[in-house]
Every structure is written in structure tokens, then in C-alpha cells.
Amino acid sequence: MHRDPLPSNASLYARREAAVPRGVGHSHQIFIDRAENGEIWDVQGQRYIDFAGGIAVLNTGHRHPAVVQAVKDQLDRYTHTCFQVVAYEPYVELAERLNAKAPGNFAKKTLFLTTGAEAVENAVKIARAHTGRSGVIAFTGGYHGRTMMTLGLTGKVAPYKTGFGPFPAEIFHARFPNELHGVSVQDAIDSLEALFKNDVEPSRVAAIIIEPVQGEGGFNVAPTALLQHLRAVCDQHGILLIADEVQTGAGRTGKWFAMEHSGVAPDMITLAKSMAGGFPISAVIGRADVMDAPNPGGLGGTYAGSPLACAAALAVMDVFEKENLLQRAEDVGQRLTEGLQALAQQHRCVAQVRGLGAMVAMELCQDGNPHRPDAALAKALAAHAAQRGLILLTCGTYGNVVRILVPLTASDAVIDEGLAIIGASLQAALAG
Ligand code: PMP
């Protein structure tokens with residue numbers, strides 16, 4: 001294998017192109033050398049502020065010392081047994097702590113897996129086992145993963161679903177409300193009723209799955225009125241309500257679970273990404289009677305709930321308490337919102353600034369007209385930002401939303417520096 005003595009981003013990118021399929025997309029042609037908290041240094045020594053957090057994984061920042069220490073300690077004891085073969089306490093302790101934290105005044109149990117998509121897959125399996133029903137209702141613009149079931153649930157075709165069908169049957173989509181694009185809560189409720197009329201009887205539906213704030217879909221917040229309505233519909237028809245908190249969970253929105261903002265308790269919650277500060281683990285947390293529906297052996301996975309990731313996740317929960325990071329998420333959210341709103345005052349193209357807690361985004365449209373979403377501008381902004389030392393992600397049904405997922409542990413100075421780069425990059429992108 002060829003190795004560069006002094007690799008450059010360009011030479012590594014050329015090797016990547018030759019060795020890795022193009023289907024694995026890339027946001028930037030940057031190769032990391034090292035990272036700390038809210039900052040990254042590339043192989044050429046260039047510093048970047050990280051407003052992406054590895055797509056919502058680093059609420060506690062890169063290499064938080066407490067997380068690194070917990071994983072080092074775990075490395076020195078044991079790294080893998082497969083929990084189903086020889087069990088270990090960190091898995092059980094993490095389940096206990098998540099059960100205690102999750103909303104809902106009922107007994108809970110937690111299952112660990114490895115990825116967000118796997119958590120969603122298992123939530124659907126559990127819902128079907130519990131209800132004996134097949135149907136699953138998801139929402140337009142939603143994102144639930146890249147496996148076949150989760151692609152089926154995902155409500156955005158390009159680039160995720162293109163060329164990969166057919167997807168599993170018994171999946172239906174209701175409309176997700178979007179004030180800017182003229183979809184009201186009532187429209188969403190009507191679309192659910194239409195599904196019950198036209199496509200599937202409620203008694204065949206096992207679960208309704210919804211993101212409390214759509215992540216990939218553009219940081220669209222599910223209005224409390226909709227979540228309350230879904231809870232009532234689920235209760236009426238014996239359907240389970242699943243909150244996909246893979247992106248919103250682990251404190252991003254100022255609560256450990258974003259559903260807490262609404263006061264609505266789902267029957268199951270999927271969690272992943274930031275729960276272990278960069279180590280791969282996901283969870284399904286749910287009503288104990290529901291979670292116990294599958295037979296022994298029906299759930300699990302070789303690496304599911306790896307000891308290293310459990311140790312990291314426990315450390316992340318400790319860090320949140322010690323550093324008061326839920327409050328910090330509120331403060332960071334306010335800082336980001338004010339920064340983006342200042343841009344909206346100056347530039348008509350900023351059609352909306354929105355979010356929940358520290359999950360903040362701005363939607364870009366030509367002349368601020370929601371019917372003319374400007375994906376090219378969002379893309380150019382992110383490219384200019386990278387040149388100026390800021391890693392930024394876009395998202396949204398139309399690809400025209402710039403989202404911020406900066407570590408909550410980043411300093412105000414770093415966050416302000418990042419915001420200033422967004423301002424300068426927007427100007428540069430508008431100038432062409
Ligand atoms: N659900 C949501 C809400 C997500 O944001 C994501 C990832 N972006 C997933 C599921 C899938 O997670 P993973 O990529 O870990 O499979």
C-alpha cells in the first residue's frame with residue numbers, strides 16, 4: 001500500500017477516490033490529523049472550528065477528557081464479550097440510568113445496539129411483536145437511516161433511497177408540518193386521517209414514528225399540538241408512539257430527550273449519536289411491557305452495547321451533570337439563534353431561523369421566497385466556510401438549510417468565531 005510521507009488533503013482525497021466507492025458522499029475534501037473539543041486540525045496543519053460534530057455526535061466535544069479516561073480504563077479490563085454470551089455491569093447500569101431519565105410515568109427497559117438505524121429497526125420489530133400488527137407510519141421529510149426498513153421509513157428520496165428499492169411493505173407517510181412551506185398542524189392531522197381512510201386501517205398499524213425535531217429533514221420542530229394529537233390517536237387505536245431521538249437526544253435541545261419539551265411520553269425512544277461522545281452505540285428505551293414482547297434471542301447483536309461504548313456513554317451522562325450541559329445547550333442555542341437572526345436582518349435570503357435548544361438552523365431561499373429554496377447558496381456557503389476554517393453541514397428536503405451542531409462544551413469565543421465565519425461566508429457566497 002502506498003503511504004505518503006507527508007500526506008496532503010489532495011493526495012489523500014485522490015487515494016480515497018480510488019479506494020472507496022463514490023456512494024459514500026463527502027462534505028469536504030479535508031482529512032483530519034487531530035481534534036479537541038470544538039476544534040479540528042487537518043493533515044496540513046490547518047485549524048477548523050467544528051460546527052458539525054460528526055453529524056450530531058459530539059455534544060460533549062471531541063475527546064472529552066472524562067470520556068477518554070473512562071474508555072482507557074475500560075480498555076485495560078475487557079473490550080468485548082458479546083453481552084448475550086458473557087454479560088457486564090456497564091450495560092446494565094447504562095440501561096438503568098436511561099430508564100430513570102426517559103419521560104413517562106411507567107416502568108421502562110432499554111436495549112443497546114450499535115447504530116441509529118439499528119435502533120430504529122429494532123423499535124419497529126418490538127412494536128410488531130408487541131401489537132401483532134404490521135403497519136408503520138412515518139412522516140414526509142423524516143430521516144431514520146440507511147438500512148432497508150429505515151430507508152423505507154425515510155421520507156426523502158434523493159440521495160438516500162434512489163436506486164435501492166423496493167423497500168419493505170406496510171410503511172406509510174403522513175405529512176410533517178412546516179410553517180414556512182405552508183403545511184399546518186391541521187394539514188398533518190388530516191393527512192394521517194387520510195391514511196386511515198385510504199391506505200391502512202388503524203387496527204393494522206403497529207407504530208407511528210416521528211422525530212421531535214427533524215434532523216436531516218431541516219431542523220423542523222414538531223409542534224407540541226401534533227405530538228399531543230399523535231399520543232391521543234395512538235392511545236385510541238392501540239398504536240405505539242416511537243420518538244426517533246437519534247439526532248435530538250443526549251441533551252442537544254436543552255433536555256436529555258427532546259420529547260420532554262412537549263410533555264408527551266412516547267412508548268419507545270431511539271437514541272444514538274451523542275450518547276457516547278463519539279463511540280458507536282445506540283439504544284431503544286421503552287415501556288417495560290412493550291420491550292419484553294420479543295422472545296429471548298429475538299433481540300441483540302454481536303457488538304451491540306459494546307463495553308467501550310457503554311463506558312463512554314456513562315461518562316457522557318456524568319459530564320452532562322457535572323458541567324450542567326443541559327443549561328449550556330439553552331445558552332448555546334440562544335447565542336446561535338441571535339447570531340443567525342442578525343444575518344437574517346441583513347440578508348433577505350435567510351428565510352427562517354429555527355430550532356430547539358442548541359439544534360439551530362437557517363433556511364436559505366432566493367429573495368427569502370420559500371417557493372425558491374436555494375440549495376446552491378447553502379452549498380457555496382459551506383464551501384466558503386471550510387476555506388475560512390469552519391466545518392458546516394447543510395440539510396433539508398430542498399438541501400437549502402444550514403444547520404449547526406457545535407459541541408456544547410465549545411467556548412463562547414469559538415462559537416462566536418464560527419458565527420462570524422458564517423456571516424463572512426454568506427457574503428462571499430452571495431457575491432458569487
Ligand atoms: N434517525 C435519525 C433521526 C438520524 O438523524 C439518523 C442519522 N442521521 C439515523 C436515524 C440513523 O443513524 P445512523 O447513521 O447511526 O444509522
Side-chain angles (χ1 to χ4, degrees), residues 23-27 51-59 111-125 127 136-156 158-161 164 167 171 173 176 207-222 227 241-253 256-259 266 268-286 301 303-306 309 312-313 316 355-361 393-397 399 401 403-405:
V24 184
H26 68 272
S27 308
F51 268 20
I55 318 190
V57 171
L58 297 167
N59 290 350
L111 160 76
F112 294 112
L113 301 139
T114 310
T115 67
E118 218 186 338
V120 173
E121 289 273 349
N122 278 273
V124 172
K125 280 164 60 182
V136 187
I137 295 175
F139 285 84
T140 53
Y143 182 87
H144 300 286
R146 293 180 186 274
T147 58
M148 284 310 213
M149 169 54 75
T150 58
L151 274 182
L153 294 170
T154 290
K156 180 179 177 183
Y160 309 121
K161 300 169 85 148
F164 296 138
F167 303 106
I171 295 170
H173 287 94
F176 195 94
I208 297 178
I209 183 165
I210 187 164
E211 295 162 90
V213 184
Q214 286 189 330
E216 306 306 306
F219 283 23
N220 306 305
V221 182
L227 296 174
L241 182 60
I242 304 172
D244 184 351
E245 294 240 23
V246 166
Q247 190 151 161
T248 54
R252 186 77 220 166
T253 70
W256 185 260
F257 297 103
M259 285 301 284
M268 279 186 275
I269 299 174
T270 53
L271 187 66
K273 293 194 184 267
S274 270
M275 69 178 281
F279 292 84
I281 185 170
S282 62
V284 184
I285 306 146
Y303 296 111
S306 128
V316 164
L356 191 63
M359 202 169 167
V360 180
L393 291 174
T394 59
C395 63
T397 301
V401 178
R403 60 173 153 172
I404 303 180
L405 291 158

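Indexing begins at 1, ligand by ligand and atom by atom, following the structure's order. What you see is a predicted model, and the numbers here were worked out from it, not measured in a lab.
Remark: of the listed residues Lys125, Met268, His144, His144 is the sole one forming a side chain to side chain contact (heavy atoms under 4.5 Å, CB included) with Val120.
Under the rule for a side-chain hydrogen bond (donor to acceptor under 3.5 Å, both in side chains), Lys156 has no partner lying at least two apart in sequence or in another chain.
The existence of a salt bridge linking Arg403 and Glu216 is confirmed by a sub-4.0 Å separation between a basic side-chain nitrogen and an acidic carboxylate oxygen.
Note that the OG1 atom of Thr270 and the CD atom of Gln247 stand 11.5 Å from one another [nearest 0.5 Å].
With Ser274 contributing its side chain and Ala56 its backbone, the two residues share a donor-acceptor pair below 3.5 Å.
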Identify the protein atoms, limited to N or O, that lie within less than 3.5 Å of an N or O atom of ligand 1, and list each pair with its distance to 0.1 Å.
from, atom 1, to, atom 2, distance (Å)
ligand 1, 1 (N), Tyr143, O, 3.4
ligand 1, 1 (N), Asp244, OD1, 3.3
ligand 1, 1 (N), Asp244, OD2, 2.7
ligand 1, 5 (O), Gln247, NE2, 2.9
ligand 1, 8 (N), Glu216, OE2, 3.3
ligand 1, 8 (N), Lys273, NZ, 3.0
ligand 1, 15 (O), Gly116, N, 2.8
ligand 1, 16 (O), Gly116, N, 3.4
ligand 1, 16 (O), Ala117, N, 2.8

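Thr147 places none of its side-chain heavy atoms less than 4.5 Å from the side chain of Thr115.
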